[in-house]
Amino acid sequence: MTQALRPVRGFNDILPPASVHWQRLENEAAAVLEQAGYGEIRLPVVESTDLFARSIGASSDIVEKEMYSFPDRQGHSLSLRPEATAGCVRAGITQGLFDGGQLRLWYRGPMFRHERPQKGRYRQFHQIGAEAFGMTGAGIEAELIALAARLWKRIGLNGVTLKINTLGSFEDRKRYRAALLDFLHRHEDSLDDDSRRRLGSNPLRILDSKVAATRELLENAPRIVDSLGSASAAHFDELRRQLDALGIAYVCDPFLVRGLDYYTGSVFEWVTDALGAQDAICSGGRYDGLVEELGGRRTPAAGWALGMERLVLLAESQAVFPAPSGPDAYLVALGEAPELRALALAEALRDRLPRLRLIVNADGGSLKAQMRRADKCGARFAIILGESELANGAVTVKPLLEKQEQLAVAQDVLADFLAQRIQAA
RNA sequence: GUGGACGUAGCUCAGCAGGUAGAGCCCCGGGUUGUGGCCUCGGUGGUCGUGGGUUCAAAUCCCAUCGUCCACCCCA
(Lines give C-alpha, C1' and ligand atoms only; values in the text may rest on other atoms or scores of the structure.)
Protein backbone atom coordinates (compact mmCIF):
# COMPACT_ATOMS: atom_id res chain seq x y z
CA MET A 1 0.00 0.00 0.00
CA THR A 2 1.97 2.94 -1.26
CA GLN A 3 1.78 6.09 0.75
CA ALA A 4 2.92 8.59 -1.82
CA LEU A 5 -0.05 8.32 -4.16
CA ARG A 6 -3.48 8.10 -2.70
CA PRO A 7 -6.93 9.27 -3.49
CA VAL A 8 -8.06 12.25 -1.47
CA ARG A 9 -9.72 11.26 1.76
CA GLY A 10 -13.39 10.55 1.29
CA PHE A 11 -13.05 10.39 -2.51
CA ASN A 12 -13.31 6.86 -3.82
CA ASP A 13 -12.60 4.88 -6.94
CA ILE A 14 -15.45 2.66 -8.04
CA LEU A 15 -14.16 -0.47 -9.72
CA PRO A 16 -15.70 -3.53 -11.27
CA PRO A 17 -17.60 -5.47 -10.09
CA ALA A 18 -19.08 -2.68 -7.93
CA SER A 19 -19.31 -0.40 -10.97
CA VAL A 20 -21.48 -3.03 -12.64
CA HIS A 21 -23.85 -2.80 -9.69
CA TRP A 22 -23.86 0.98 -10.04
CA GLN A 23 -24.71 0.71 -13.72
CA ARG A 24 -27.54 -1.65 -13.01
CA LEU A 25 -29.05 0.58 -10.31
CA GLU A 26 -28.64 3.73 -12.35
CA ASN A 27 -30.27 2.08 -15.34
CA GLU A 28 -33.20 0.88 -13.26
CA ALA A 29 -33.68 4.29 -11.71
CA ALA A 30 -33.51 6.00 -15.08
CA ALA A 31 -36.05 3.58 -16.49
CA VAL A 32 -38.46 4.06 -13.60
CA LEU A 33 -38.24 7.85 -13.79
CA GLU A 34 -38.37 8.13 -17.57
CA GLN A 35 -41.38 5.84 -17.63
CA ALA A 36 -43.23 8.29 -15.42
CA GLY A 37 -42.35 11.26 -17.60
CA TYR A 38 -39.38 12.65 -15.72
CA GLY A 39 -36.68 14.14 -17.95
CA GLU A 40 -33.04 14.10 -17.06
CA ILE A 41 -31.43 17.42 -16.24
CA ARG A 42 -27.64 17.64 -16.21
CA LEU A 43 -26.45 20.27 -13.82
CA PRO A 44 -23.09 21.86 -13.12
CA VAL A 45 -21.11 20.55 -10.20
CA VAL A 46 -20.17 24.09 -9.17
CA GLU A 47 -22.58 26.87 -8.26
CA SER A 48 -22.07 30.13 -6.47
CA THR A 49 -21.82 29.65 -2.71
CA ASP A 50 -24.60 32.12 -2.24
CA LEU A 51 -27.11 29.79 -3.89
CA PHE A 52 -26.63 27.15 -1.23
CA ALA A 53 -26.65 29.61 1.63
CA ARG A 54 -29.99 30.95 0.41
CA SER A 55 -31.62 27.57 -0.20
CA ILE A 56 -30.21 25.02 2.23
CA GLY A 57 -29.91 27.68 4.91
CA ALA A 58 -26.98 29.79 6.02
CA SER A 59 -27.10 28.34 9.52
CA SER A 60 -27.46 24.71 8.41
CA ASP A 61 -24.57 22.40 9.21
CA ILE A 62 -24.02 21.72 5.53
CA VAL A 63 -23.45 25.35 4.64
CA GLU A 64 -21.78 26.26 7.89
CA LYS A 65 -19.07 23.65 7.96
CA GLU A 66 -19.32 21.04 5.23
CA MET A 67 -19.05 22.80 1.90
CA TYR A 68 -16.08 22.81 -0.42
CA SER A 69 -15.98 26.53 -1.11
CA PHE A 70 -13.28 28.48 -2.89
CA PRO A 71 -12.86 31.86 -4.55
CA ASP A 72 -12.61 31.90 -8.33
CA ARG A 73 -10.18 34.21 -10.12
CA GLN A 74 -12.52 37.16 -9.77
CA GLY A 75 -12.86 36.53 -6.07
CA HIS A 76 -16.44 35.18 -6.23
CA SER A 77 -17.08 32.40 -3.78
CA LEU A 78 -18.01 29.16 -5.55
CA SER A 79 -18.90 25.81 -4.01
CA LEU A 80 -18.93 22.20 -5.06
CA ARG A 81 -22.60 21.30 -4.80
CA PRO A 82 -23.53 19.55 -1.54
CA GLU A 83 -26.89 18.57 -3.07
CA ALA A 84 -28.67 19.23 -6.33
CA THR A 85 -32.12 20.61 -5.56
CA ALA A 86 -30.76 24.14 -5.27
CA GLY A 87 -29.02 23.85 -8.63
CA CYS A 88 -32.13 22.36 -10.18
CA VAL A 89 -34.25 25.26 -9.01
CA ARG A 90 -31.60 27.75 -10.12
CA ALA A 91 -31.58 26.15 -13.57
CA GLY A 92 -35.36 26.22 -13.66
CA ILE A 93 -35.42 29.93 -12.92
CA THR A 94 -32.58 30.93 -15.22
CA GLN A 95 -33.87 28.80 -18.09
CA GLY A 96 -37.47 29.83 -17.64
CA LEU A 97 -38.62 26.27 -17.01
CA PHE A 98 -41.21 27.24 -14.43
CA ASP A 99 -43.17 29.37 -16.85
CA GLY A 100 -44.52 26.36 -18.68
CA GLY A 101 -46.73 24.78 -16.03
CA GLN A 102 -45.95 21.39 -14.62
CA LEU A 103 -42.45 20.03 -14.81
CA ARG A 104 -40.87 16.70 -13.86
CA LEU A 105 -37.10 16.38 -13.74
CA TRP A 106 -34.53 13.93 -12.48
CA TYR A 107 -30.78 14.14 -12.06
CA ARG A 108 -27.83 12.06 -11.04
CA GLY A 109 -24.27 12.84 -10.16
CA PRO A 110 -21.64 13.51 -7.53
CA MET A 111 -22.21 15.72 -4.50
CA PHE A 112 -19.59 16.97 -2.07
CA ARG A 113 -19.65 17.44 1.66
CA HIS A 114 -16.67 17.69 3.96
CA GLU A 115 -17.71 15.21 6.63
CA ARG A 116 -15.71 12.59 8.44
CA PRO A 117 -15.84 9.53 6.17
CA GLN A 118 -17.70 6.52 7.44
CA LYS A 119 -19.49 3.56 5.99
CA GLY A 120 -22.12 4.94 3.62
CA ARG A 121 -20.82 8.46 4.03
CA TYR A 122 -18.12 9.90 1.82
CA ARG A 123 -16.93 13.35 0.87
CA GLN A 124 -17.77 12.76 -2.74
CA PHE A 125 -20.98 10.80 -2.90
CA HIS A 126 -23.59 10.29 -5.56
CA GLN A 127 -27.26 10.96 -5.66
CA ILE A 128 -30.12 10.31 -7.97
CA GLY A 129 -32.93 12.74 -7.44
CA ALA A 130 -36.39 13.50 -8.72
CA GLU A 131 -38.05 16.91 -8.60
CA ALA A 132 -41.58 17.88 -9.56
CA PHE A 133 -42.70 21.50 -9.99
CA GLY A 134 -46.00 23.25 -10.33
CA MET A 135 -48.25 20.82 -8.45
CA THR A 136 -49.90 21.66 -5.17
CA GLY A 137 -51.86 18.49 -4.36
CA ALA A 138 -50.60 15.64 -2.24
CA GLY A 139 -50.80 13.47 -5.33
CA ILE A 140 -47.34 14.53 -6.43
CA GLU A 141 -45.79 13.49 -3.13
CA ALA A 142 -47.57 10.16 -3.47
CA GLU A 143 -46.26 9.86 -7.02
CA LEU A 144 -42.70 10.58 -5.93
CA ILE A 145 -42.90 8.09 -3.10
CA ALA A 146 -44.40 5.48 -5.40
CA LEU A 147 -41.50 5.97 -7.83
CA ALA A 148 -39.00 5.17 -5.12
CA ALA A 149 -41.06 2.19 -4.01
CA ARG A 150 -41.19 0.98 -7.60
CA LEU A 151 -37.42 1.23 -7.82
CA TRP A 152 -36.94 -0.84 -4.65
CA LYS A 153 -39.29 -3.42 -6.10
CA ARG A 154 -37.54 -3.52 -9.45
CA ILE A 155 -34.16 -4.12 -7.94
CA GLY A 156 -35.52 -6.62 -5.44
CA LEU A 157 -34.74 -4.60 -2.35
CA ASN A 158 -36.33 -5.54 0.96
CA GLY A 159 -36.31 -4.17 4.46
CA VAL A 160 -36.62 -0.47 3.71
CA THR A 161 -39.26 1.34 5.69
CA LEU A 162 -40.92 4.58 4.79
CA LYS A 163 -41.30 7.27 7.40
CA ILE A 164 -43.47 10.29 6.74
CA ASN A 165 -44.31 13.46 8.55
CA THR A 166 -45.46 16.95 7.79
CA LEU A 167 -43.79 20.19 8.72
CA GLY A 168 -46.94 22.13 7.91
CA SER A 169 -47.16 25.42 6.11
CA PHE A 170 -44.67 28.19 6.69
CA GLU A 171 -47.03 29.67 9.28
CA ASP A 172 -47.67 26.30 10.94
CA ARG A 173 -44.00 25.73 11.19
CA LYS A 174 -43.41 29.15 12.70
CA ARG A 175 -46.14 28.54 15.26
CA TYR A 176 -44.80 25.10 16.07
CA ARG A 177 -41.25 26.35 16.33
CA ALA A 178 -42.38 28.87 18.91
CA ALA A 179 -44.25 26.23 20.90
CA LEU A 180 -41.31 23.85 20.76
CA LEU A 181 -38.84 26.53 21.76
CA ASP A 182 -41.03 27.48 24.66
CA PHE A 183 -41.10 23.89 25.84
CA LEU A 184 -37.38 23.31 25.33
CA HIS A 185 -36.38 26.51 27.07
CA ARG A 186 -38.31 25.40 30.09
CA HIS A 187 -36.30 22.16 30.13
CA GLU A 188 -33.04 23.60 28.92
CA ASP A 189 -31.00 22.22 31.79
CA SER A 190 -31.89 18.64 30.88
CA LEU A 191 -30.86 19.04 27.26
CA ASP A 192 -27.59 17.69 25.89
CA ASP A 193 -24.97 20.15 24.64
CA ASP A 194 -25.66 19.68 20.95
CA SER A 195 -29.35 20.18 21.40
CA ARG A 196 -28.82 23.28 23.52
CA ARG A 197 -26.62 24.70 20.79
CA ARG A 198 -29.41 24.12 18.28
CA LEU A 199 -31.93 26.06 20.33
CA GLY A 200 -30.58 29.20 18.75
CA SER A 201 -30.01 27.92 15.23
CA ASN A 202 -32.29 25.06 14.20
CA PRO A 203 -34.54 23.89 17.04
CA LEU A 204 -36.53 21.47 14.87
CA ARG A 205 -33.40 19.39 14.40
CA ILE A 206 -33.44 18.66 18.12
CA LEU A 207 -36.38 16.39 17.38
CA ASP A 208 -34.16 13.74 15.82
CA SER A 209 -31.51 13.82 18.52
CA LYS A 210 -30.13 10.41 19.40
CA VAL A 211 -29.40 11.27 23.02
CA ALA A 212 -31.59 9.04 25.19
CA ALA A 213 -32.33 11.68 27.81
CA THR A 214 -33.30 14.18 25.15
CA ARG A 215 -35.52 11.67 23.42
CA GLU A 216 -37.23 10.98 26.67
CA LEU A 217 -37.81 14.64 27.25
CA LEU A 218 -39.24 14.97 23.75
CA GLU A 219 -41.93 12.43 24.57
CA ASN A 220 -43.79 15.25 26.26
CA ALA A 221 -42.86 17.96 23.79
CA PRO A 222 -45.55 19.57 21.65
CA ARG A 223 -46.20 17.77 18.37
CA ILE A 224 -46.23 19.31 14.94
CA VAL A 225 -49.63 17.77 14.30
CA ASP A 226 -51.13 19.97 16.99
CA SER A 227 -49.88 23.14 15.33
CA LEU A 228 -51.19 22.23 11.91
CA GLY A 229 -53.68 24.50 10.22
CA SER A 230 -56.70 22.80 8.65
CA ALA A 231 -55.29 23.02 5.13
CA SER A 232 -52.00 21.37 6.15
CA ALA A 233 -53.79 18.67 8.09
CA ALA A 234 -56.07 17.94 5.15
CA HIS A 235 -53.11 17.76 2.80
CA PHE A 236 -51.33 15.28 5.02
CA ASP A 237 -54.48 13.17 5.36
CA GLU A 238 -54.80 13.15 1.61
CA LEU A 239 -51.25 11.93 1.21
CA ARG A 240 -51.91 9.11 3.64
CA ARG A 241 -55.07 8.08 1.82
CA GLN A 242 -53.16 7.99 -1.43
CA LEU A 243 -50.36 5.92 -0.01
CA ASP A 244 -52.97 3.54 1.37
CA ALA A 245 -54.57 3.34 -2.05
CA LEU A 246 -51.16 2.58 -3.56
CA GLY A 247 -50.61 -0.13 -1.01
CA ILE A 248 -47.42 1.52 0.21
CA ALA A 249 -46.68 0.90 3.86
CA TYR A 250 -45.44 3.79 5.99
CA VAL A 251 -45.05 4.89 9.55
CA CYS A 252 -45.87 8.37 10.74
CA ASP A 253 -42.93 9.74 12.65
CA PRO A 254 -43.66 13.04 14.37
CA PHE A 255 -39.94 13.48 14.99
CA LEU A 256 -38.96 13.25 11.34
CA VAL A 257 -37.45 16.56 10.26
CA ARG A 258 -35.03 17.63 7.58
CA GLY A 259 -31.60 19.15 7.82
CA LEU A 260 -32.20 21.46 4.92
CA ASP A 261 -34.18 24.62 5.54
CA TYR A 262 -36.22 24.71 2.36
CA TYR A 263 -38.63 21.91 3.24
CA THR A 264 -42.25 22.66 4.01
CA GLY A 265 -45.26 20.39 4.27
CA SER A 266 -44.76 16.69 3.68
CA VAL A 267 -41.38 15.14 4.40
CA PHE A 268 -40.44 11.51 4.04
CA GLU A 269 -37.47 9.22 4.38
CA TRP A 270 -36.71 5.60 3.51
CA VAL A 271 -34.52 3.98 6.14
CA THR A 272 -32.83 0.64 6.65
CA ASP A 273 -31.30 -1.01 9.67
CA ALA A 274 -28.65 -2.74 7.57
CA LEU A 275 -26.29 0.19 7.13
CA GLY A 276 -25.34 1.17 10.65
CA ALA A 277 -25.56 4.83 11.52
CA GLN A 278 -26.07 6.01 7.95
CA ASP A 279 -29.55 4.61 7.70
CA ALA A 280 -31.32 7.00 5.32
CA ILE A 281 -31.14 5.84 1.73
CA CYS A 282 -33.69 8.17 0.19
CA SER A 283 -35.42 11.19 1.51
CA GLY A 284 -37.22 14.29 0.44
CA GLY A 285 -40.36 16.30 0.75
CA ARG A 286 -42.21 19.37 -0.38
CA TYR A 287 -40.47 22.73 -0.74
CA ASP A 288 -43.11 25.17 -1.90
CA GLY A 289 -41.20 28.29 -0.97
CA LEU A 290 -37.84 27.66 -2.57
CA VAL A 291 -38.43 28.82 -6.13
CA GLU A 292 -39.83 32.14 -4.98
CA GLU A 293 -37.15 32.45 -2.32
CA LEU A 294 -34.52 32.25 -5.04
CA GLY A 295 -36.20 34.86 -7.17
CA GLY A 296 -38.49 32.81 -9.39
CA ARG A 297 -42.23 32.93 -9.68
CA ARG A 298 -44.19 31.28 -6.90
CA THR A 299 -43.98 27.55 -7.75
CA PRO A 300 -44.94 24.61 -5.58
CA ALA A 301 -42.42 21.78 -5.64
CA ALA A 302 -41.51 18.43 -4.16
CA GLY A 303 -38.72 15.94 -4.64
CA TRP A 304 -36.38 13.38 -3.21
CA ALA A 305 -32.81 12.26 -3.48
CA LEU A 306 -31.33 8.84 -2.90
CA GLY A 307 -27.76 8.05 -1.96
CA MET A 308 -26.16 5.74 -4.49
CA GLU A 309 -23.38 4.49 -2.22
CA ARG A 310 -25.93 3.48 0.39
CA LEU A 311 -28.26 1.94 -2.15
CA VAL A 312 -25.41 -0.10 -3.66
CA LEU A 313 -24.25 -1.20 -0.22
CA LEU A 314 -27.74 -2.23 0.77
CA ALA A 315 -28.44 -4.03 -2.50
CA GLU A 316 -25.12 -5.85 -2.28
CA SER A 317 -25.88 -6.92 1.29
CA GLN A 318 -29.11 -8.46 0.05
CA ALA A 319 -27.41 -10.25 -2.83
CA VAL A 320 -29.73 -8.58 -5.25
CA PHE A 321 -27.30 -8.75 -8.14
CA PRO A 322 -26.98 -11.79 -10.39
CA ALA A 323 -23.59 -13.46 -10.39
CA PRO A 324 -21.44 -11.85 -13.06
CA SER A 325 -21.23 -13.93 -16.18
CA GLY A 326 -18.17 -14.12 -18.40
CA PRO A 327 -18.00 -13.18 -22.05
CA ASP A 328 -19.52 -15.41 -24.69
CA ALA A 329 -16.24 -16.25 -26.29
CA TYR A 330 -12.49 -15.82 -26.07
CA LEU A 331 -10.61 -15.82 -29.35
CA VAL A 332 -7.30 -17.63 -29.20
CA ALA A 333 -4.80 -17.03 -32.00
CA LEU A 334 -1.49 -18.80 -32.51
CA GLY A 335 1.17 -17.19 -34.68
CA GLU A 336 1.40 -14.09 -36.77
CA ALA A 337 -0.91 -14.96 -39.68
CA PRO A 338 -3.67 -16.37 -37.45
CA GLU A 339 -3.44 -13.29 -35.22
CA LEU A 340 -4.03 -11.02 -38.21
CA ARG A 341 -6.95 -13.14 -39.31
CA ALA A 342 -8.33 -13.14 -35.75
CA LEU A 343 -8.50 -9.33 -35.67
CA ALA A 344 -10.59 -9.21 -38.83
CA LEU A 345 -12.72 -12.15 -37.73
CA ALA A 346 -13.51 -10.51 -34.41
CA GLU A 347 -14.58 -7.30 -36.12
CA ALA A 348 -16.83 -9.23 -38.48
CA LEU A 349 -18.40 -11.15 -35.60
CA ARG A 350 -19.06 -8.00 -33.62
CA ASP A 351 -20.65 -6.39 -36.66
CA ARG A 352 -22.92 -9.35 -37.21
CA LEU A 353 -23.75 -9.91 -33.53
CA PRO A 354 -23.90 -6.59 -31.69
CA ARG A 355 -24.71 -8.28 -28.40
CA LEU A 356 -21.86 -10.74 -28.63
CA ARG A 357 -19.33 -10.34 -25.84
CA LEU A 358 -16.04 -11.41 -27.31
CA ILE A 359 -12.52 -11.03 -25.99
CA VAL A 360 -9.65 -11.29 -28.42
CA ASN A 361 -6.43 -12.59 -26.94
CA ALA A 362 -3.76 -9.93 -26.78
CA ASP A 363 -0.02 -10.17 -26.27
CA GLY A 364 0.35 -13.66 -27.70
CA GLY A 365 1.33 -16.46 -25.39
CA SER A 366 1.37 -20.22 -25.69
CA LEU A 367 -1.84 -22.07 -26.36
CA LYS A 368 -1.82 -23.15 -22.77
CA ALA A 369 -1.45 -19.59 -21.54
CA GLN A 370 -4.20 -18.35 -23.83
CA MET A 371 -6.52 -21.15 -22.77
CA ARG A 372 -5.85 -20.25 -19.17
CA ARG A 373 -6.84 -16.66 -19.87
CA ALA A 374 -9.99 -17.87 -21.59
CA ASP A 375 -10.86 -19.99 -18.60
CA LYS A 376 -10.06 -17.29 -16.08
CA CYS A 377 -12.34 -14.72 -17.66
CA GLY A 378 -15.23 -17.18 -17.57
CA ALA A 379 -15.78 -17.32 -21.31
CA ARG A 380 -18.34 -19.82 -22.52
CA PHE A 381 -16.34 -20.80 -25.61
CA ALA A 382 -12.73 -20.70 -26.63
CA ILE A 383 -12.41 -20.08 -30.33
CA ILE A 384 -9.04 -21.36 -31.49
CA LEU A 385 -7.41 -20.10 -34.64
CA GLY A 386 -4.02 -21.63 -35.47
CA GLU A 387 -2.10 -22.37 -38.64
CA SER A 388 -4.07 -25.51 -39.46
CA GLU A 389 -7.46 -23.79 -38.95
CA LEU A 390 -6.24 -20.87 -41.03
CA ALA A 391 -5.37 -23.23 -43.84
CA ASN A 392 -8.86 -24.76 -43.69
CA GLY A 393 -10.79 -21.51 -43.35
CA ALA A 394 -12.14 -22.81 -40.06
CA VAL A 395 -11.81 -22.37 -36.31
CA THR A 396 -11.93 -24.81 -33.43
CA VAL A 397 -14.68 -24.04 -30.95
CA LYS A 398 -14.23 -25.51 -27.51
CA PRO A 399 -16.96 -25.21 -24.88
CA LEU A 400 -15.36 -24.25 -21.57
CA LEU A 401 -18.31 -24.38 -19.24
CA GLU A 402 -19.94 -27.61 -20.33
CA LYS A 403 -18.34 -30.97 -20.88
CA GLN A 404 -18.76 -31.17 -24.62
CA GLU A 405 -16.51 -32.08 -27.48
CA GLN A 406 -14.79 -29.27 -29.31
CA LEU A 407 -15.64 -28.99 -32.97
CA ALA A 408 -14.42 -27.42 -36.18
CA VAL A 409 -16.59 -24.60 -37.53
CA ALA A 410 -16.08 -22.88 -40.87
CA GLN A 411 -15.24 -19.20 -40.40
CA ASP A 412 -18.06 -18.05 -42.66
CA VAL A 413 -20.73 -19.72 -40.54
CA LEU A 414 -19.15 -18.95 -37.18
CA ALA A 415 -21.44 -15.99 -36.59
CA ASP A 416 -24.54 -18.17 -37.12
CA PHE A 417 -23.10 -20.84 -34.91
CA LEU A 418 -22.47 -18.38 -32.08
CA ALA A 419 -25.81 -16.66 -32.54
CA GLN A 420 -27.57 -19.97 -31.95
CA ARG A 421 -25.50 -20.93 -28.95
CA ILE A 422 -25.78 -17.55 -27.31
CA GLN A 423 -29.53 -17.41 -27.72
CA ALA A 424 -29.84 -20.85 -26.22
CA ALA A 425 -27.97 -19.70 -23.13
C1' G B 1 -14.84 18.69 14.48
C1' U B 2 -14.78 14.60 19.01
C1' G B 3 -13.87 9.51 20.87
C1' G B 4 -12.34 4.28 20.09
C1' A B 5 -10.16 0.12 17.22
C1' C B 6 -6.85 -0.95 13.42
C1' G B 7 -2.78 -0.17 9.33
C1' U B 8 2.66 -6.48 7.46
C1' A B 9 2.96 -9.13 -0.43
C1' G B 10 -2.32 -7.39 -5.47
C1' C B 11 -6.13 -9.87 -1.68
C1' U B 12 -7.13 -12.38 3.35
C1' C B 13 -4.07 -12.65 7.33
C1' A B 14 0.12 -14.92 10.74
C1' G B 15 4.60 -13.06 13.05
C1' C B 16 4.73 -8.50 18.41
C1' A B 17 8.27 -11.21 26.44
C1' G B 18 13.00 -6.62 20.22
C1' G B 19 17.70 -10.26 16.74
C1' U B 20 16.44 -7.07 10.57
C1' A B 21 9.81 -11.07 7.27
C1' G B 22 5.89 -15.83 6.43
C1' A B 23 1.23 -18.65 4.80
C1' G B 24 -3.03 -19.20 1.74
C1' C B 25 -5.21 -17.13 -2.54
C1' C B 26 -3.73 -14.45 -7.02
C1' C B 27 -0.01 -13.88 -10.91
C1' C B 28 4.10 -16.05 -14.23
C1' G B 29 6.54 -20.51 -16.05
C1' G B 30 7.56 -26.05 -16.34
C1' G B 31 5.41 -31.11 -16.00
C1' U B 32 1.74 -31.91 -21.53
C1' U B 33 6.72 -28.39 -28.49
C1' G B 34 -1.64 -27.06 -30.38
C1' U B 35 -5.79 -27.28 -25.65
C1' G B 36 -8.22 -24.30 -19.74
C1' G B 37 -10.32 -25.88 -14.98
C1' C B 38 -7.72 -30.58 -10.89
C1' C B 39 -2.80 -32.12 -9.41
C1' U B 40 2.45 -31.26 -9.09
C1' C B 41 7.27 -28.56 -9.32
C1' G B 42 9.45 -23.86 -9.49
C1' G B 43 9.36 -18.45 -9.71
C1' U B 44 7.92 -12.95 -9.32
C1' G B 45 6.28 -9.76 -5.57
C1' G B 46 6.97 -6.24 0.86
C1' U B 47 11.96 0.43 2.43
C1' C B 48 6.15 -4.29 7.73
C1' G B 49 1.36 3.32 6.21
C1' U B 50 4.93 7.61 6.97
C1' G B 51 8.41 10.48 10.04
C1' G B 52 11.06 10.68 14.42
C1' G B 53 12.75 8.43 19.21
C1' U B 54 14.69 4.34 22.62
C1' U B 55 18.30 0.24 21.63
C1' C B 56 24.33 -2.94 19.72
C1' A B 57 19.67 -4.42 17.18
C1' A B 58 12.62 -2.23 16.02
C1' A B 59 7.34 -5.14 11.90
C1' U B 60 7.67 -5.84 17.25
C1' C B 61 8.57 -0.60 22.51
C1' C B 62 7.49 5.13 22.67
C1' C B 63 5.83 9.81 20.23
C1' A B 64 3.84 12.27 16.14
C1' U B 65 1.46 12.12 11.57
C1' C B 66 -1.52 10.14 7.53
C1' G B 67 -5.16 6.59 6.31
C1' U B 68 -9.17 2.86 7.10
C1' C B 69 -13.25 1.24 10.04
C1' C B 70 -16.97 2.12 14.01
C1' A B 71 -19.66 5.55 17.04
C1' C B 72 -20.78 10.82 17.97
C1' C B 73 -21.96 14.52 14.62
C1' C B 74 -24.15 15.09 9.76
C1' C B 75 -27.43 13.23 6.25
C1' A B 76 -28.36 10.58 0.87
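By convention in this document, chain letters (A, B, ...) are assigned in the order of the sequence lines, proteins followed by strands, and residues within each chain are numbered from 1. Just so you know, these numbers come straight off a predicted model, no measurement behind them.
- The base of B/G34 sits with one of its N or O atoms less than 3.5 Å from a complementary donor or acceptor on the side chain of A/Ser388.
- Judged by distance alone with a 3.5 Å cut-off, a donor-acceptor contact links the side chain of A/Arg116 to the base of B/U2.
- Distances from the side chain of A/Thr396 to the nucleotides B/U35, B/G37, B/A76 place B/U35 closest.
- Near RNA chain B, meaning a heavy atom under 4.0 Å from it, residues 39-70 of chain A has A/Asp61, A/Ile62, A/Glu66 in order of number.
- Between B/A21 and B/A58, the distance separating the two P atoms is 12 Å to the nearest Å.
- No side-chain donor from either of A/Glu293 and A/Tyr287 sits under 3.5 Å from a side-chain acceptor of the other.
- Here B/A76 presents its P atom at 19 Å from CG of A/Leu25, a figure rounded to the nearest Å.
- B/U47 sits 32 Å from B/G4 when the P atoms are compared, rounded to a whole Å.
- A sub-4.0 Å separation between OP1 or OP2 of B/C72 and a side-chain N or O of A/Lys210 is present.
- Checked by distance alone, A/Gln370 brings no side-chain donor or acceptor within 3.5 Å of a matching partner on the base of B/U35.
- Summarising the geometry, the separation between NZ on A/Lys376 and C1' on B/C26 is reported as 8 Å, rounded to the nearest angstrom.
- Rounding to whole angstrom units, CD of residue A/Gln278 and P of B/C69 are separated by 12 Å.
- For the C1' atom pair drawn from B/G10 and B/U44, the interatomic distance equals 12 Å after rounding to whole Å.
- Taking for each of A/Gly386 and A/Asn12 the nucleotide of RNA chain B with the nearest heavy atom, the 5'-most of the two is the partner of A/Gly386.
- Residue A/Lys368 places no side-chain atom within donor-acceptor reach of the base of B/G34, judged by atom type and a 3.5 Å distance cut-off alone.
- Side chain to side chain, A/His126 and A/Glu26 fail the donor-acceptor criterion of an N or O pair below 3.5 Å.
- Using C1' as the reference atom, B/U60 and B/C48 are 10 Å apart when rounded to the nearest Å.
- For the pair A/Met371 CE and B/G37 C1', the interatomic distance rounds to 10 Å; values are reported in whole Å.
- At B/G36, none of the side-chain N or O atoms of A/Arg373 fall inside 4.0 Å of OP1 or OP2 (strictly under the cut-off).
- Atoms CD1 (A/Ile384) and P (B/G36) sit 10 Å apart, rounded to a whole Å.
- The residues A/Arg108 and A/Glu40 are annotated as salt-bridged, a charged nitrogen and a carboxylate oxygen being separated by less than 4.0 angstrom.
- The distance from atom CG of A/Asp13 to atom P of B/U68 is 12 Å, rounded to the nearest whole Å.
- Proximity of A/Arg372 to the phosphate of B/G29: a side-chain N or O atom is located under 4.0 Å from OP1 or OP2.
- Separation of the C1' atoms belonging to B/C56 and B/G18 is 12 Å when rounded to the nearest angstrom.
- B/G67 sits 45 Å from B/G30 when the P atoms are compared, rounded to a whole Å.
- Looking at residues two or more places apart in sequence or on another chain, you find a side chain to side chain contact (heavy atoms under 4.5 Å, CB included) between A/Arg197 and A/Asp61, A/Lys65, A/Asp194.
- In this structure, the NE2 atom of A/His114 is 18 Å from the C1' atom of B/A76, given to the nearest Å.
- Residue A/Gly276 is classed as a sugar-phosphate contact, given heavy-atom separations below 4.0 Å to backbone atoms only.
- Taking every heavy atom of residues 303-312 of chain A and every atom of RNA chain B, pairs under 4.0 Å involve A/Ala305, A/Gly307, A/Arg310, by number.
- Rounded to the nearest 0.5 Å, atoms OG (A/Ser388) and CG (A/Leu385) are 9.0 Å apart.
- Distance, A/Asp194 CG to B/G3 P: 14 Å, rounded to whole Å.
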